[in-house]
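Everything quoted here is computed from the prediction, not taken from an experiment. Labels below follow one simple rule: chain letters A, B, ... track the order of the sequence lines, proteins then strands, and each chain is numbered from 1.
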Number of protein chains: 2
Amino acid sequence: MKNGDGVKYRMTKQKRVILEVLKNTKSHPTADWVYDKVRKKIPNISLGTVYRNLNILKNQGEILELSYGKGFSRFDGNASMHYHFTCEHCGRILDIETPEFIEMEREVAKQMGVKVARHRLEFYGSCPDCMTD
Amino acid sequence: MKNGDGVKYRMTKQKRVILEVLKNTKSHPTADWVYDKVRKKIPNISLGTVYRNLNILKNQGEILELSYGKGFSRFDGNASMHYHFTCEHCGRILDIETPEFIEMEREVAKQMGVKVARHRLEFYGSCPDCMTD
DNA sequence: CTACCTGCAAACTTTTTGCAGCCCA
DNA sequence: TGGGCTGCAAAAAGTTTGCAGGTAG
């Protein structure tokens, strides 16, 4: 992979706009959604460039990549640690403001004899708009 | 999709062997690994059949599908609720025997005004064999 | 018998990559 | 100026699907 460890990243128009799009949405968009949105400002940008920059931004710690089922990722312009709630009706993904549940890591480390570096926690259910069922 | 709601599932040799393979491993294999393993017993089985049956077994609640990053799923012959620990060195996935942390669901439901149906929790770090670093 | 299931192969989806020219630092 | 970055298009990788014949119940 290019842009490995000791490589200096450059700022380009493409990267700036991609980051802008991600920072200005609360949705947790797919690469394709970002592509569509960015094309409004840079009509001839290619999907490959979007993917390349999403990976760079992720490596730089500017954004988060959230892998959900099968073949697709979503991206989050908010890189600080937070959990997510997915509405199983409308598909919306909401940020959760709860502080991290770190005690769980200690518990698992002790019980399994492993070293826990991090965890990922996802909640699923119905969002306020979809609770009428 | 075939095999929808009211459809009766049949037991076939293929499905039986696939389930056997999954119940007899503690690894959390990919579809491809299952395919290789099953081919030792049914040499001319097709990958499509493996995928079809993995989906059926998942819908029947016999196995779990675990989606990790990018383009691939892993399957777990242990369908009872449990968390997973992934070793970031060797890639091994271990089952965690901790009871479910259900209080978190209540906490999130109250704070966000949502209805939480379930959650998924994944731990990452170093397993006992890889802790020498 | 008859629906469901199978093998095969082609299609699909999402993401990655090779290349030649471009442009940021 | 040089080494990363770009657009384009082709390729990868994982999964799904259409079809015609096979088989469980």
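Seen from the ring of A:Phe72, A:Arg74 does not count as a face-on cation partner, given the 6.0 Å and 45° thresholds.
Atom-to-atom, CZ of B:Phe72 to P of D:dG14 comes out at 8 Å; the value is rounded to the nearest Å. Here C:dC22 presents its P atom at 18 Å from CD1 of A:Ile42, a figure rounded to the nearest Å. Taking atom OH of B:Tyr9 as the reference point, atom P of C:dC5 lies 8 Å away to the nearest angstrom. Distance CG (B:Leu54) to P (D:dG14): 14 Å, rounded to an integer number of Å. For the pair A:Lys15 NZ and C:dA25 P, the computed distance is 9 Å after rounding to whole Å. If you take CD1 of A:Ile18 and P of D:dG7, they are 9 Å apart, rounded to a whole angstrom. With rounding to whole Å, B:Tyr35 atom OH is found 16 Å from D:dT16 atom P. A straight line from CG of B:Asn44 to P of C:dT6 spans 12 Å, rounded to a whole angstrom.
Counting any heavy atom pair closer than 4.0 Å across all strands shown, B:Ile45 reaches sugar-phosphate atoms only and no base atom.
Close to D:dT6, at under 4.0 Å from its OP1 or OP2, lies a side-chain N or O of A:Thr12. Taking only side-chain nitrogens and oxygens, A:Ser73 comes nearer than 4.0 Å to OP1 or OP2 of C:dT15. Note on B:Thr49: a side-chain N or O is less than 4.0 Å away from OP1 or OP2 of C:dG7. Phosphate contact (OP1/OP2 of D:dT16, side-chain N/O of B:Tyr51, threshold under 4.0 Å): absent. For B:Gln14, no side-chain nitrogen or oxygen approaches OP1 or OP2 of D:dT23 to under 4.0 Å. Close to D:dT16, at under 4.0 Å from its OP1 or OP2, lies a side-chain N or O of B:Asn55. Contact annotation: A:Asn53 reaches the phosphate of D:dT6 (side-chain N/O to OP1 or OP2, under 4.0 Å).
Between B:Thr98 atom OG1 and B:Phe123 atom CZ the span is 7.0 Å, to the nearest 0.5 Å.
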### Query
Is there a salt bridge (Lys or Arg N to Asp or Glu O under 4.0 Å) between B:Arg118 and B:Glu100 once you walk through the steps?
CA-CA 10 Å; B:Arg118 60 195 183 81; B:Glu100 201 166 10; over 6 Å; no

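No option in A:His119, A:Glu122, A:Glu97, A:Arg120 other than A:His119 meets the side-chain hydrogen bond (donor to acceptor under 3.5 Å, both in side chains) test with A:Tyr83.
With hydrogens and angles left out, the side chain of A:Arg52 and the base of D:dG4 share no donor-acceptor pair within 3.5 Å.
The side chain of B:Arg10 lies closest to C:dC5, out of D:dG4, D:dC8, C:dC5. Comparing D:dT15, C:dG7, C:dC5 by their nearest atom to the side chain of B:Ala31 picks out D:dT15.
Atom NZ of B:Lys41 has 12 or fewer neighbouring heavy atoms from other residues, nucleotides or ligands inside a 6.0 Å radius.
Residues B:Asp32 and B:Met11 each lie close to DNA chain D; by heavy-atom proximity, the contact nearer the 5' end of the strand is made by B:Asp32.
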